[in-house]
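For reference, the structure is listed below as structure tokens.
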Amino acid sequence: MQRRSFLHSSAALSLLGLGACATTSVPAKAQVVVIGGGYGGATAAKYLRLLSGNRLQVVLIEPQPAFVSCPISNLVIGGSKQLADITLSYDSLAKLGVTVVKDSASAIDSARKTVTLASGARIAYDKLVVSPGVDLLLDTVDGLRAAHASGQLLHAWKAGPETVALRRQLEAMPDGGVYAITIPEAPYRCPPGPYERACQVAWYFKNAKPRSKVLILDANPDVTSKGALFKKVWAEQYKGLVEYRGQHKAIGVDAKNGVIKFEVQDDVKANVINLLPAMRAGAIAVQAGLNNQANQRWCGINYQTFESTAAQDVFVLGDAILAAPAMPKSGHMANSHAKVAAAAIVAQLSGWPVNPAPMLNNTCYSFVDNQQVVHVASVHAYVAAEKTFKTVAGSGGLSAAPTTLEGAYAMNWANTIWADTLA
């Protein structure tokens, strides 16, 4: 088993630009703490172990008992999947030697290199990985915080109990009712996600509540991802069922009367309101002062390594970062970030040169019903002269049309990335 792990990590070292460097160069007592067990953090924890030949001590801090995937979670809302289908254990990471701590990080002291947990315990680190996801800024929409706390209005933008609760609201809605989803101004987590969700709700209504309606109320002037593909589906597959309205920025909500208020446009009334407010880097990044970009919403990083520009030896991954040009905030992208950061950390701790030309890839599948899927894909190369990532010309692309074959690809992608992140 030890030999197989060593061969695995050696192959990964080569793949990530570390060549044939000996893993024995990694200090055996060095400790890396990882905050957040999502696509970025869990992948980082795994690859830190693998790329160091299992020599690094890796501690993963995550309050949730299991990994629940945001990708594929819209199918739970549509009714073709259950939450159990997208829930996975952290046990395999523990078997790889990652110490999984079920707790929340409440404070980072980058000067003393410690993380304080909600329980009061402190953990020291040599390197720190912060993958906190996003916080939803409920107070940017008047009345939303109280409505969300009461359970009346849900965002369900973090997969879990809210995902199931939103499904229950749709089930309870009378046929002939209105479901409204509001979309914040970009950037936000998962650009095509709201439009996929609208498709899933429309598919459910078409089969169970055909007199109902889906309203998409978008703060952006137009669909931000896969626009032509989504619009074609709405016009053909869900004709008369889905209505899209651009430049509808939500500023207030009256939960008691089911009314959404907008910056310019008239109020909208709906039976089920799924309001997505503006987002920023997760709370622990804000506490630590890592959110130093774009009006303190996102975290600045050195794109070659993902090391924070606000704190030395702290690396930030996933949705929390200020994204490079054309870089989406997605689960797949967070998984890619994690591998580059893990390789850079192992290189730094070992005294090796950091990979000068890291690359990232991304694929995002969207289910337009329970079987048919469209995708967008891209490859991103680090451009040293500009100190950022840029998409590789001719890479990736869009689906021509939804197909059931892509539906099979999408589920294979999900199973593969779940294994790559956790197994």
Thinking salt bridges, do E243 and K213 make one under a 4.0 Å N-O criterion? yes
Is the side chain of Q200 donor-acceptor paired with the backbone N or O of F367 at a distance under 3.5 Å, no angle test? yes
Measure the CG-CE distance between L360 and M333 for me, rounded to the nearest 0.5 Å. 5.5 Å
Between S350 and A347 (side chain of the first, backbone of the second, donor and acceptor by atom type, cut-off under 3.5 Å), is there such a pair? no
Less than 3.5 Å apart, any donor N or O on the side chain of N274 or Y179 sitting next to an acceptor on the other? yes
Mind checking the CD-CE spacing from E185 to M279? Nearest 0.5 Å is all I need. 12.0 Å
Would you please say whether a donor-acceptor pair under 3.5 Å links the side chains of K226 and S366? yes
Set out, in order, the CA-CA distance, both residues' side-chain angles and the distance that settles side chain to side chain donor-acceptor pair (under 3.5 Å) for D369 and Y238, then state yes or no. CA-CA 10 Å; D369 55 29; Y238 303 119; 4.9 Å; no
If we ignore angles and hydrogens, is there a donor and acceptor under 3.5 Å between the side chains of T116 and D109? no
Search all heavy atoms of C199 against all heavy atoms of W234 and return the closest pair with its distance. SG-NE1, 3.4 Å
Once rounded to the nearest 0.5 Å, what's the spacing between atom CD of Q371 and atom CG of L405? 12.0 Å
Side chains of S150 and Q152: is there a donor and an acceptor less than 3.5 Å apart? yes
Please lay out, stage by stage, how V115 and L117 fare under the test side chain to side chain contact (heavy atoms under 4.5 Å, CB included). CA-CA 6 Å; V115 175; L117 306 184; 4.2 Å; yes
For residues 313-320, please give each side-chain donor-acceptor pair under 3.5 Å, one per line with the distance, not counting sequence neighbours.
| unit_1 | atom_1 | unit_2 | atom_2 | d |
| --- | --- | --- | --- | --- |
| D313 | OD1 | K127 | NZ | 2.6 |
| D313 | OD2 | K113 | NZ | 2.7 |
| D319 | OD2 | R189 | NE | 2.6 |
| D319 | OD2 | R189 | NH2 | 3.2 |

Is the NZ or CZ atom of R112 both under 6.0 Å from the centre of the six-membered ring of Y125 and within 45° of that ring's axis? no
Side-chain donor/acceptor of R245 to backbone N/O of L215, under 3.5 Å: no
If you take all heavy atoms of L275 and H155, which pair is closest and at what distance? O-CB, 3.6 Å
So OH of Y188 and CG of L136: to nearest 0.5 Å the spacing works out to 12.5 Å
Please evaluate residues N74 and E196 with respect to the criterion side chain to side chain donor-acceptor pair (under 3.5 Å), reporting the C-alpha separation (whole Å), side-chain torsions for both, the decisive distance (0.1 Å), and the verdict. CA-CA 7 Å; N74 279 335; E196 179 194 50; 2.7 Å; yes
Shortest non-hydrogen separation from C364 to P192 and the atoms involved: SG-CG, 3.4 Å
Evaluate the side chain to side chain contact (heavy atoms under 4.5 Å, CB included) criterion for residues L83 and V68: first the C-alpha distance (whole Å), next the side-chain angles of each, then the deciding distance (0.1 Å), finally the verdict. CA-CA 8 Å; L83 197 68; V68 184; 4.0 Å; yes
Report yes or no: do S69 and Y39 form a side-chain donor-acceptor pair below 3.5 Å? yes
With distance as the sole test, does K209 use its side chain to make a donor-acceptor pair with the main-chain N or O of L170 at under 3.5 Å? yes
How close do L276 and R197 get, heavy atom to heavy atom, and via which atoms? CD2-NH1, 4.5 Å
Kindly give the heavy-atom pair with the smallest separation between A42 and L422, and that separation in Å. CB-CD2, 3.9 Å
Check the angle between the aromatic planes of Y303 and F306 and answer parallel, tilted or perpendicular using the 30° and 60° thresholds. perpendicular
Verdict with reasoning, D266 to K261, per salt bridge (Lys or Arg N to Asp or Glu O under 4.0 Å): CA-CA 7 Å; D266 293 339; K261 303 176 186 296; over 6 Å; no
N362 side, atom CG; S336 side, atom OG - distance, nearest 0.5 Å: 7.0 Å
Whether the S395 and S378 side chains hold a donor-acceptor pair (N or O, under 3.5 Å, no angle test) is what I'd like checked. no
Sequence neighbours excluded - side chain to side chain donor-acceptor pair (under 3.5 Å) pairs with any residue from residues 405-414: H332-W413, H375-E406, S399-E406
Is it true that E162 and K158 have a side-chain N and a carboxylate O under 4.0 angstrom from each other? no
Sidechain-backbone polar pair: R167 side chain, I77 backbone, donor-acceptor under 3.5 Å: yes
Does D218 form a side chain to side chain donor-acceptor pair (under 3.5 Å) with Y195? I'd like the steps, not just the answer. CA-CA 10 Å; D218 196 340; Y195 313 111; 2.5 Å; yes
N-O pairing of K269 and D254 below 4.0 Å: no
Side-chain atoms of residues 284-291: list all donor-acceptor pairs with protein atoms under 3.5 Å, sequence neighbours left out, distances to 0.1 Å.
| unit_1 | atom_1 | unit_2 | atom_2 | d |
| --- | --- | --- | --- | --- |
| Q287 | OE1 | I108 | N | 3.0 |
| N291 | ND2 | Q296 | O | 2.8 |

dist S80:OG -> Y204:OH (nearest 0.5 Å) comes out at 12.5 Å
Ring centres under 6.0 Å, that's the criterion: do Y244 and F230 meet it? no
Would you check if there is a donor-acceptor pair between the side chains of D420 and Y47 at a distance under 3.5 Å? yes
